[in-house]
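The next block holds one structure in the form of structure tokens; read it before the comments.
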Amino acid sequence: QVQLVESGGGLVQAGGSLRLSCAASGRTFSYYIMAWFRQAPGKEREFVAHISRSGSSRDYADSVKGRFTISRDNAKNTVYLQMNSLKPEDTAVYYCAAGTTTTMSRNQYNYWGQGTQVTVSS
């Protein structure tokens, strides 16, 4: 069992940056593959990024590649999403998730945070 709590969302102008954090509690954090997903109004929840247990391997959705960076600090039980060059289309509720397989599918993650709103104005 894992509890996940996101923070760091807010309102930012296009071209700006935000850093999201996801604090985990429960089982050993380093056991889990961590991921970020997002869901915009009227859209399905979509994959953003994931990171391996050690933090040595990362993957990103094409829509955010080159702009977003996922990282983790296992000593702090925290995963981060650094978002640069934000665009209005990045506006969504961002969720962190924990799972045991390397996947981009939301159905294969076992634990989810409550989400944090990111709004990017043009």
Side-chain angles (χ1 to χ4, degrees):
Q1 74 287 0
V2 177
Q3 293 180 326
L4 305 172
V5 180
E6 303 97 333
S7 62
L11 176 64
V12 65
Q13 195 171 61
S17 299
L18 284 174
R19 183 178 175 88
L20 305 183
S21 298
C22 176
S25 62
R27 294 287 183 177
T28 302
F29 178 70
S30 61
Y31 176 77
Y32 294 99
I33 295 164
M34 299 298 297
W36 288 95
F37 288 77
R38 66 187 184 185
Q39 188 166 21
K43 302 292 183 64
E44 296 181 5
R45 191 170 299 187
E46 66 176 356
F47 169 80
V48 175
H50 69 221
I51 187 167
S52 64
R53 294 178 174 90
S54 68
S56 63
S57 181
R58 302 167 177 83
D59 199 11
Y60 301 90
D62 288 342
S63 59
V64 307
K65 193 171 297 181
R67 300 187 297 119
F68 291 11
T69 302
I70 187 171
S71 62
R72 68 191 295 165
D73 187 338
N74 288 344
K76 296 182 178 180
N77 288 359
T78 303
V79 63
Y80 306 94
L81 185 68
Q82 178 67 46
M83 305 185 294
N84 298 327
S85 301
L86 283 162
K87 305 174 181 179
E89 49 263 47
D90 295 318
T91 296
V93 177
Y94 283 71
Y95 300 88
C96 63
T100 56
T101 59
T102 301
T103 179
M104 297 167 58
S105 173
R106 62 184 180 274
N107 295 326
Q108 294 182 278
Y109 287 86
N110 305 108
Y111 304 100
W112 295 85
Q114 83 288 351
T116 185
Q117 177 70 46
V118 172
T119 302
V120 184
S121 62
S122 60

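What you see is a predicted model; the values in this text were computed from it and never measured. Positions are given from 1, in the same order as the sequence printed here.
With respect to Asp62 and Lys65, a salt bridge is recorded, a charged nitrogen being found less than 4.0 Å from a carboxylate O.
No cation-pi contact links Arg106 to Tyr95, judged by a cut-off of 6.0 Å to the six-membered ring centre and 45° from its axis.
Pairing each heavy atom of Thr78 with each of Ser21, the nearest pair is CG2-CB, 4.3 Å. Between Ser17 and Asn84, the shortest heavy-atom distance links the atoms OG-OD1, 2.9 Å. Between Arg67 and Ser85, the shortest heavy-atom distance links the atoms NH1-O, 3.0 Å. Nearest heavy atoms, Val48 versus Tyr94: CG2-CE2, 4.4 Å. The two residues Ser30 and Arg53 have their closest heavy-atom pair at O-CB, 3.1 Å.
Grouping the Ile, Leu, Val, Met, Phe, Trp and Tyr side chains by contacts below 4.5 angstrom, directly or via other members, places Val2 apart from Tyr109. The hydrophobic clustering, which links ILVMFWY residues whose side-chain heavy atoms are closer than 4.5 Å, places Leu20 and Ile70 together. Follow the hydrophobic side-chain contacts under 4.5 Å out from Phe37 and you never reach Tyr80; the two are in separate clusters. Hydrophobic clustering (ILVMFWY, side-chain heavy atoms < 4.5 Å, transitive): Val93 and Tyr111 are in distinct clusters. Placement of Ile51 and Ile33 in two distinct hydrophobic clusters is found when ILVMFWY residues are connected by side-chain heavy-atom separations under 4.5 Å, directly or transitively.
One finds the CE atom of Met104 at 9.5 Å from the CD atom of Glu46 (value rounded to the nearest 0.5 Å). Of the inter-residue distances, the one linking Gln114 atom CD with Gln3 atom CD reads 11.0 Å to the nearest 0.5 angstrom. The line from OG of Ser71 to CE of Met34 is 11.5 Å long, rounded to the nearest 0.5 Å. In this structure, Leu81 CG and Glu6 CD are separated by 11.0 Å, a value rounded to the nearest 0.5 Å.
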Exercise for review: Please report the C-alpha distance between Thr91 and Arg38 in whole Å, then the side-chain angles of each, then the deciding distance to 0.1 Å, and finally whether the side-chain contact (heavy atoms from CB on, under 4.5 Å) criterion is met.
Suggested key: CA-CA 9 Å; Thr91 296; Arg38 66 187 184 185; over 6 Å; no
Review point. Under the side-chain contact (heavy atoms from CB on, under 4.5 Å) criterion, do Met83 and Asp90 qualify, and how do the steps go?
Key: CA-CA 9 Å; Met83 305 185 294; Asp90 295 318; over 6 Å; no
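A ring pair (Phe, Tyr, Trp, His ring centres under 6.0 Å) check over residues 49-77, counting only residues at least two apart or in different chains, returns the pairs Phe47-His50.
Lys43 is linked by a side-chain contact (heavy atoms from CB on, under 4.5 Å) to Ala40, counting only residues two or more places apart in sequence or in another chain. Under the side-chain contact (heavy atoms from CB on, under 4.5 Å) criterion, Ser52 pairs with Ser54, Ser56, Ser57, sequence neighbours left out.
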